[in-house]
Every structure is written in C-alpha cells, then in structure tokens.
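First comes the structure, then the notes that go with it.
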Amino acid sequence: DDATSTYMVTASTLNVRTGPSTSYSKASYQLTSGELVEVVDIANGWAQLSDGNYVSAQYLMEVTTSDDGAATTMYVTCRTLNVRLGGGTGYARIGTLSRGTEVEILDVLNGWYEIEYLGGEAYVSAAYIG
C-alpha cells in the first residue's frame, strides 16, 4: 500500500496512545526498540499507525527501501557492534564493526538489519545503526 511508510522505533519502550496527544489514554500495547510499524500520517509531532493508534513521531526513524532493490547505506553508532549469522542474539557472532563503519542494508527485520559483510550476508542489531 503506497499510503503507508515503514518506521522503526528508536525508544527503548514507546507508549501507544488512542489519539494524537499524551492526554489520550494508552493503548493496550507498547512498542520496543527496533520494532517496525506502518505509519499512515504524521502531523503535529504524532504518527498515526495503520491500526488507528498514535505514537510520538520523535521516537521513530523512517526505514527507506529503494524501488530498485538497491542497498541503503547507514553507519554503526556504537563503539563495537557484533555481526551475527542471523537476526537474533542466539546466532553465532562472526565478527564486529567499529563506530562509523559504513554498512549496506540489504533487508530490514524486526530489530535487525541484514547487511553485506565480507562478500556475503550477515545481521546486526538495528538499535546501533543510524
């Protein structure tokens, strides 16, 4: 659907509200860092989610995917970032990247990025890429 954009949550926990202000009640769920959400609209600092609830837009980062499938370039934001065989801490660590290292994002998973690494694919936590 062209009407929505995908965003990643950047706050450790993000309250979801039933309307576009903190005076609205909290929804029955919260979002956590790295989760992906579909945003219908952003106005006055509030993002309307595809389910009709709202979150503060300052804790979201747009996830851009190019139409031609080309990778998106981003950078490591922490001192040392583990590179893993799969999208989760249960997967083996196959290396590390240093702060400022350029990475090519091949795919976006919930909380993880698939990246190009040593001529193949590997995974890093999305919380430390920006």
Side-chain angles (χ1 to χ4, degrees):
D1 185 7
D2 292 82
T4 65
S5 298
T6 302
Y7 285 77
M8 182 179 295
V9 176
T10 60
S12 54
T13 58
L14 182 57
N15 287 324
V16 179
R17 304 234 175 226
T18 58
S21 113
T22 55
S23 62
Y24 284 89
S25 59
K26 292 179 185 177
S28 59
Y29 65 99
Q30 286 184 318
L31 298 171
T32 57
S33 181
E35 278 192 73
L36 300 177
V37 292
E38 292 298 318
V39 173
V40 178
D41 188 41
I42 295 181
N44 301 318
W46 288 86
Q48 183 180 7
L49 304 180
S50 57
D51 69 2
N53 288 312
Y54 291 81
V55 295
S56 176
Q58 69 179 330
Y59 302 111
L60 298 177
M61 177 179 79
E62 187 164 14
V63 176
T64 54
T65 52
S66 57
D67 294 335
D68 62 3
T72 301
T73 301
M74 296 179 88
Y75 299 89
V76 176
T77 60
C78 63
R79 203 176 90 187
T80 305
L81 179 61
N82 290 327
V83 179
R84 298 190 179 273
L85 281 175
T89 55
Y91 289 91
R93 187 175 61 138
I94 57 173
T96 59
L97 297 172
S98 304
R99 182 191 318 273
T101 303
E102 184 177 288
V103 291
E104 293 294 317
I105 308 300
L106 303 175
D107 197 11
V108 178
L109 309 166
N110 224 2
W112 293 84
Y113 284 133
E114 181 182 340
I115 64 165
E116 193 173 291
Y117 184 72
L118 302 178
E121 288 85 42
Y123 298 82
V124 293
S125 171
Y128 306 106
I129 298 288

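Everything numeric here is computed off the predicted structure, so don't read it as measured data. Both backbone and side-chain heavy atoms feed into the values below; hydrogens, waters and symmetry mates do not.
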- Task: Apply side chain to side chain contact (heavy atoms under 4.5 Å, CB included) to Val83 and Thr96, showing your working.
- Result: CA-CA 5 Å; Val83 179; Thr96 59; 5.6 Å; no
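- Side-chain contact between Tyr123 and Leu109 is present, with at least one heavy-atom pair separated by less than 4.5 Å.
- Side-chain atoms of Thr6 and Glu38 form a donor-acceptor pair, as typed in the model, at a separation below 3.5 Å.
- Within the 4.5 Å cutoff, side-chain heavy atoms of Tyr29 are placed close to those of Asp51.
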- Check the pair Val76, Val103 against side chain to side chain contact (heavy atoms under 4.5 Å, CB included), reporting the backbone distance first and the verdict last. CA-CA 7 Å; Val76 176; Val103 291; 4.3 Å; yes
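- With contacts defined as side-chain heavy-atom distances shorter than 4.5 Å, the pair Tyr59/Thr13 does not qualify.
- In the hydrophobic clustering of this structure, Leu60 does not group with Tyr54; members are Ile, Leu, Val, Met, Phe, Trp, Tyr whose side-chain heavy atoms approach within less than 4.5 Å, directly or through other members.
- Atom OG1 of residue Thr22 and atom OH of residue Tyr24 lie 11.0 Å apart, to the nearest 0.5 angstrom.
- Linking Ile, Leu, Val, Met, Phe, Trp and Tyr residues whenever their side-chain heavy atoms come within less than 4.5 Å leaves Leu118 and Trp112 in two separate clusters.
- Rounding to the nearest 0.5 angstrom, the gap separating the CG atom in Leu106 from the CD1 atom in Ile115 is 8.0 Å.
- Considering CG of Leu97 and OH of Tyr128, their distance stands at 14.0 Å, rounded to 0.5 Å.
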- Check step by step if side chain to side chain contact (heavy atoms under 4.5 Å, CB included) holds for Val124 and Tyr117. CA-CA 10 Å; Val124 293; Tyr117 184 72; over 6 Å; no
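- With a 4.5 Å cut-off on side-chain heavy atoms, Ile129 and Leu81 count as touching.
- Rounding to the nearest 0.5 angstrom, the gap separating the CG atom in Asp41 from the OG atom in Ser5 is 10.0 Å.
- At least one side-chain heavy atom of Lys26 sits less than 4.5 Å from a side-chain heavy atom of Arg17.
- Counting only heavy atoms from C-beta outward, the side chains of Leu49 and Val39 approach each other to under 4.5 Å.
- Here the straight-line distance linking atom OG of Ser56 with atom CD1 of Ile42 works out to 10.0 Å at 0.5 Å rounding.
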- Under the side chain to side chain contact (heavy atoms under 4.5 Å, CB included) criterion, do Tyr7 and Leu36 qualify, and how do the steps go? CA-CA 6 Å; Tyr7 285 77; Leu36 300 177; over 6 Å; no
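- Side-chain contact between Val55 and Trp46: absent, with no pair of heavy atoms (C-beta onward) separated by less than 4.5 Å.
- Separating the OG1 atom in Thr32 from the CG atom in Asn110 is a distance of 7.5 Å, to the nearest 0.5 Å.
- The shortest distance between side-chain heavy atoms of Thr89 and Asn82 does not fall below 4.5 Å.
- Here the side chain of Arg93 pairs no donor or acceptor atom with the backbone of Arg84 at under 3.5 angstrom.
- Shown here for Val16 and Gln30, the closest heavy-atom pair between the two residues is CG2-CA, 4.2 Å.
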